[in-house]
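This report concerns only the one structure given below.
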Amino acid sequence: MTIRVAAAAPQDLAAAAAVIHRAFSTLAGRIDPPSAALTETPDSLAARFGRGGAVFVARLDGNIVGAVCADPRPDGSIYLDRLAVDPAMAGHGIARALVAAVEDFARREGHDRVALGVRLLLTDNIAMFRHLGYLETGRKAHPGYTEPTSMNLAKALRQAAS
């Protein structure tokens with residue numbers, strides 16, 4: 001099984017939004033508040049391009065089985081957002097390949113750090129990011145909550161030799 005990760009083309013965005021919905025719908029009832037990822041559309045994904053961001057898709061046999069977004073932030077980091085793998089394809093290294101694509105994008109664009117947020121209840125996701133070298137930078141509570149609901153993580157990147 002060969003997974004290919006590449007920048008999404010405009011014609012990929014409907015399939016990317018669909019895989020984001022499939023992946024995040026599995027969290028319904030597990031996380032509170034519900035994920036805003038379920039509001040993603042092809043248009044909202046396309047809007048990231050205009051802000052200097054990117055969407056990457058993972059393909060298997062031509063089918064999109066994963067997606068992730070990368071957005072520049074005012075602090076100079078790239079924010080990794082909406083990491084999604086089709087639930088039927090979990091456990092095949094797709095998430096790691098998508099994270100690597102975001103890190104490569106960040107380096108190419110001259111950023112030295114990737115940041116992200118992950119819900120505290122998603123302990124497997126936290127463990128994966130820690131295994132990939134991400135360190136906790138803080139916790140936050142979603143609006144209306146008094147206790148933290150998510151963890152911020154970041155990874156400093158080495159710049160590629162030129």
Side-chain angles (χ1 to χ4, degrees), residues 1-28 30-31 34-73 77-135 150-160:
M1 170 169 53
T2 302
I3 302 295
R4 300 192 190 286
V5 176
Q11 63 269 23
D12 297 329
L13 298 179
V19 79
I20 290 169
H21 285 235
R22 281 194 305 278
F24 280 84
S25 69
T26 65
L27 302 177
R30 287 182 53 205
I31 60 171
S35 176
L38 295 172
T39 66
E40 288 290 358
T41 65
D43 288 341
S44 67
L45 293 174
R48 293 171 186 266
F49 299 141
R51 297 189 302 263
V55 177
F56 296 92
V57 292
R59 285 186 170 82
L60 175 64
D61 298 329
N63 298 311
I64 292 177
V65 295
V68 68
C69 301
D71 295 308
R73 291 292 166 110
S77 68
I78 289 291
Y79 191 78
L80 186 153
D81 197 23
R82 309 295 194 233
L83 177 61
V85 174
D86 189 301
M89 296 303 302
H92 293 287
I94 298 167
R96 285 185 166 105
L98 289 163
V99 170
V102 171
E103 292 174 1
D104 291 343
F105 170 76
R107 286 184 193 95
R108 282 193 313 274
E109 296 295 312
H111 299 271
D112 61 2
R113 188 168 159 263
V114 173
L116 61 100
V118 64
R119 298 294 182 99
L120 292 173
L121 292 174
L122 303 179
T123 55
D124 289 345
N125 293 14
I126 292 169
M128 179 196 71
F129 283 113
R130 285 184 169 156
H131 179 76
L132 295 175
Y134 286 78
L135 302 174
S150 66
M151 175 187 296
N152 297 322
L153 298 152
K155 180 178 180 179
L157 302 174
R158 289 190 192 149
Q159 292 302 315

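Worth saying up front: this structure is predicted, and the values here are computed from it rather than measured.
Of the inter-residue distances, the one linking I31 atom CD1 with L121 atom CG reads 8.0 Å to the nearest 0.5 angstrom. Note that CG of L60 and OG1 of T2 are 8.0 Å apart. Values are rounded to the nearest 0.5 Å. Atom CG of L116 and atom CZ of R82 lie 12.5 Å apart (nearest 0.5 Å). One finds the CD atom of E109 at 6.5 Å from the CD1 atom of I78 (value rounded to the nearest 0.5 Å). For the atom pair CG (D86) and CD1 (I64), the distance works out to 11.0 Å, reported to the nearest 0.5 Å. Remark: N125 CG to M151 CE distance equals 11.0 Å, nearest 0.5 Å.
Counting only heavy atoms from C-beta outward, the side chains of M128 and D124 never approach each other to under 4.5 Å. A 4.5 Å side-chain heavy-atom check between E103 and L80 finds every atom pair outside the cut-off.
Here the closest non-hydrogen pair linking L83 and A95 is CD1-O, 4.0 Å. Across V65 and I94, no two heavy atoms sit closer than the pair CG2-CD1, 3.7 Å. What you find for L45 and L13 is that their closest heavy atoms are CD1-O, 3.7 Å. Closest heavy-atom contact between F56 and A70: CE1-CB, 4.3 Å. In this structure, V55 and F49 approach most closely via the heavy-atom pair N-CE2, 3.7 Å. The two residues A16 and V57 have their closest heavy-atom pair at CB-CG1, 3.9 Å.
Side chain of Y79 to backbone of G117: a donor-acceptor contact under 3.5 angstrom is found. Side-chain N or O atoms of S77 include none that pairs as donor or acceptor with a backbone N or O of R73 at under 3.5 Å.
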* Pair R96-V99, side chain to side chain contact (heavy atoms under 4.5 Å, CB included): steps then yes or no -> CA-CA 5 Å; R96 285 185 166 105; V99 170; 5.7 Å; no
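For residues 53-69, the pairs satisfying salt bridge (Lys or Arg N to Asp or Glu O under 4.0 Å) are D12-R59, with sequence neighbours left out. Sorted by first then second residue, the salt bridge (Lys or Arg N to Asp or Glu O under 4.0 Å) pairs that include residues 46-57, not counting sequence neighbours, are E40-R48, R48-D71, R48-D81.
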